[in-house]
Amino acid sequence: MTGDIDWGKLSFSYIKTDYNVRCYYRDGKWGELEISSSENISMHMAATCLHYGQEAFEGQKAFRGKDGKIRIFRLEDNARRMISSAEGVLMQPVPEEIFIKAVKKAVQLNSRFVPPMDSGAALYIRPLLIGTGAKVGVSPSDEYLFVVFVTPVGPYFKEGFKPTNLMITREYDRAAPNGTGYIKIGGNYAASLRSGKIAHEKGYSAVLYLDSREKKYIDECGPANFFGIKNNTYITPLSKSVLPSITNKSLMVLAEEMGLKTERRKVPLEELDTFEEVGACGTAAVISPVAEIDDIDTGKKYVYSKNGKPGPISEKLYHKLRAIQYGEEPDKHGWLTLIEE
């Protein structure tokens, strides 16, 4: 049973659950879904995922509402984004129907690990696609493994929905201008580990990356998308190096419904001076409000919260999206998938 889990004190880390779901691509076709209770994967030591970065993953969540029902948020969008990631590094894409079926099955099999609504926790879903064929020369694999595992998680940033501080540094880039920043593959995250460690050591929650070509524009905010609010407008960067966040896309829809304008465009660094509110958004954090951004190269500080509280528009957006995810508000955009237990 899950009686030993303190749902309200969960961190964003791995906890063993009962089952995962797997599907193999061999001999030019995808096989049937397989259910496994093993946490391990056996593969050839020359597998392309280990040597040439043929790996992609997704992150999404399932929520239990007050009505006891389990809902997955924007399942089809994650399936399509993983197809884009697979195509970006020449992997065999997982068909949308297999992706959806596997995610639903993984949540159903582990439904006892979906935290109760009042805990602030959720069931994190991690679909993973890896090249498993043996290659020594640099070339795509001819065999792939698709796995979906789940684990209950608390907030990504330990502060929860409270403003945190970011730092700007020009010493590191997350992704190249025409590289792989627009897809969700492990290499992008490996490239952010060193600068992220430096940020944490200096007391910041994440690095705010500038564009790697000119260092003039805002790019991505650590593991999340950046947004700024001013003059009743929600503004987020347009960049080939930024992962298209499904959460960000959802917030833009909600912002427009709240009467805000929305803009996806290049955001010059100096525009940070003009924002009334700033935040980072993504599946893991939903919205992480920003209190202050410190440019550690120039010594300049950009302050957005002096009282330790989120801005009013960020707060409204956060609570609105969470209410939809938990089934408290109508799902008028068809974003939710109900899971039968």
Side-chain angles (χ1 to χ4, degrees), residues 1-15 17-21 58-79 81 99-127 148-157 159-162 224 245-258 279 281-289 310 314-341:
M1 296 299 291
T2 53
D4 57 340
I5 296 177
D6 187 341
W7 300 113
K9 291 187 178 171
L10 284 175
S11 62
F12 199 91
S13 55
Y14 178 79
I15 290 174
T17 52
D18 293 333
Y19 301 103
N20 56 80
V21 178
E58 273 301 321
Q60 54 199 129
K61 285 180 178 175
F63 306 87
R64 192 182 293 278
K66 269 185 184 165
D67 57 7
K69 292 179 181 172
I70 297 171
R71 296 166 173 84
I72 302 174
F73 186 65
R74 300 198 74 161
L75 177 53
E76 295 85 356
D77 292 80
N78 287 95
R81 192 168 67 179
F99 183 102
I100 290 169
K101 196 175 169 186
V103 169
K104 283 181 170 179
K105 178 62 74 177
V107 174
Q108 280 173 333
L109 291 169
N110 297 286
S111 62
R112 71 190 186 95
F113 290 96
V114 182
M117 179 182 171
D118 56 4
S119 65
L123 187 73
Y124 186 74
I125 305 163
R126 172 57 60 87
V148 181
F149 68 86
V150 300
T151 190
V153 296
Y156 186 84
F157 294 111
E159 297 85 357
F161 188 62
K162 288 180 184 166
S245 160
I246 292 162
T247 303
N248 197 1
K249 197 160 63 168
S250 308
L251 290 171
M252 291 180 85
V253 171
L254 299 182
E256 287 178 359
E257 289 179 352
M258 283 165 45
C281 62
T283 297
V286 185
I287 289 177
S288 179
S314 297
E315 190 150 19
K316 275 186 200 164
L317 285 168
Y318 174 81
H319 290 300
K320 178 83 172 172
L321 185 57
R322 296 266 293 177
I324 293 169
Q325 289 173 332
Y326 282 98
E328 293 183 291
E329 293 237 359
D331 176 27
K332 57 187 182 185
H333 300 289
W335 287 344
L336 301 173
T337 301
L338 277 169
I339 295 299
E340 300 294 326
E341 288 189 74

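The figures here come from the full heavy-atom set of this structure, side chains too, leaving out hydrogens, waters and symmetry mates. The residues of the chain are indexed from 1 along the displayed sequence.
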When rounded to the nearest 0.5 Å, the distance separating CD of Glu76 from CD1 of Ile246 is 10.0 Å
* Asked: So, Asp18 side chain and Asn110 main chain: donor-acceptor pair closer than 3.5 Å or not?
  -> no
Ser245 meets the side-chain hydrogen bond (donor to acceptor under 3.5 Å, both in side chains) criterion, sequence neighbours left out, with none
Note: Ala122 and Lys61 closest approach over all heavy atoms is CB-CD, 3.9 Å
Within the 4.5 Å heavy-atom criterion, are Met258 and Lys316 side-chain neighbours or not?
yes
Residue set satisfying ring-ring contact (aromatic ring centres under 6.0 Å, His included) with Trp335, at least two apart, ordered chain then number -> Phe73, His333
Shortest non-hydrogen pair, Glu341 vs Ser111, comes out as OE1-OG, 3.2 Å
- What do the steps show when you test Gln108 against Glu340 for side chain to side chain contact (heavy atoms under 4.5 Å, CB included), and what is the final call? CA-CA 7 Å; Gln108 280 173 333; Glu340 300 294 326; 4.3 Å; yes
When rounded to the nearest 0.5 Å, the distance separating CD of Glu328 from NE2 of His319 is 11.0 Å
Rounded to the nearest 0.5 Å, the CZ atom of Arg126 sits from the CG atom of Asn20 at a distance of 13.5 Å
One should read off an interatomic distance between Asn78 CG and Ile100 CD1, to the nearest 0.5 angstrom, of 10.0 Å
**Prompt:** Can you find a pair of side-chain heavy atoms, one from Leu75 and one from Lys104, that are under 4.5 Å apart?
**Reply:** yes
Heavy-atom closest pair (Val148 atom, Ile125 atom, distance to 0.1 Å) is CG1-CG2, 3.8 Å
Residues passing the ring-ring contact (aromatic ring centres under 6.0 Å, His included) test with Phe63, sequence neighbours excluded, are Tyr326
Gln60 side chain to Thr283 backbone, donor-acceptor under 3.5 Å | no
Tightest non-hydrogen contact, residues Gly59 and Tyr124, listed as CA-OH, 3.2 Å
- Message: Under a 3.5 Å distance rule, please check whether Thr247 uses its side chain to pair with a backbone N or O of Cys281 as donor and acceptor.
- Response: no
The reported gap from CG in Asp67 to CG in Leu338 (rounded to nearest 0.5 angstrom) is 8.0 Å
Closest non-hydrogen atoms of Met117 and Gly65, given as atom of the first, atom of the second and distance, are SD-C, 3.9 Å
query = Do Ile324 and Leu254 touch side chain to side chain, with heavy atoms closer than 4.5 Å?
reply = yes
**Prompt:** Do Pro310 and Tyr318 touch side chain to side chain, with heavy atoms closer than 4.5 Å?
**Reply:** no
dist Leu317:CG -> Glu257:CD (nearest 0.5 Å) comes out at 10.5 Å
Q | Close side-chain approach of Thr151 and Ile15, heavy atoms under 4.5 Å | A | yes
Is any side-chain heavy atom of Phe161 closer than 4.5 Å to a side-chain heavy atom of Ile287? yes
Q.
Strictly below 4.0 Å, N to O, side chains only: are Lys249 and Asp77 in salt-bridge contact?
A. yes
Closest non-hydrogen atoms of Ile72 and Ala62, given as atom of the first, atom of the second and distance, are CG1-CB, 4.0 Å
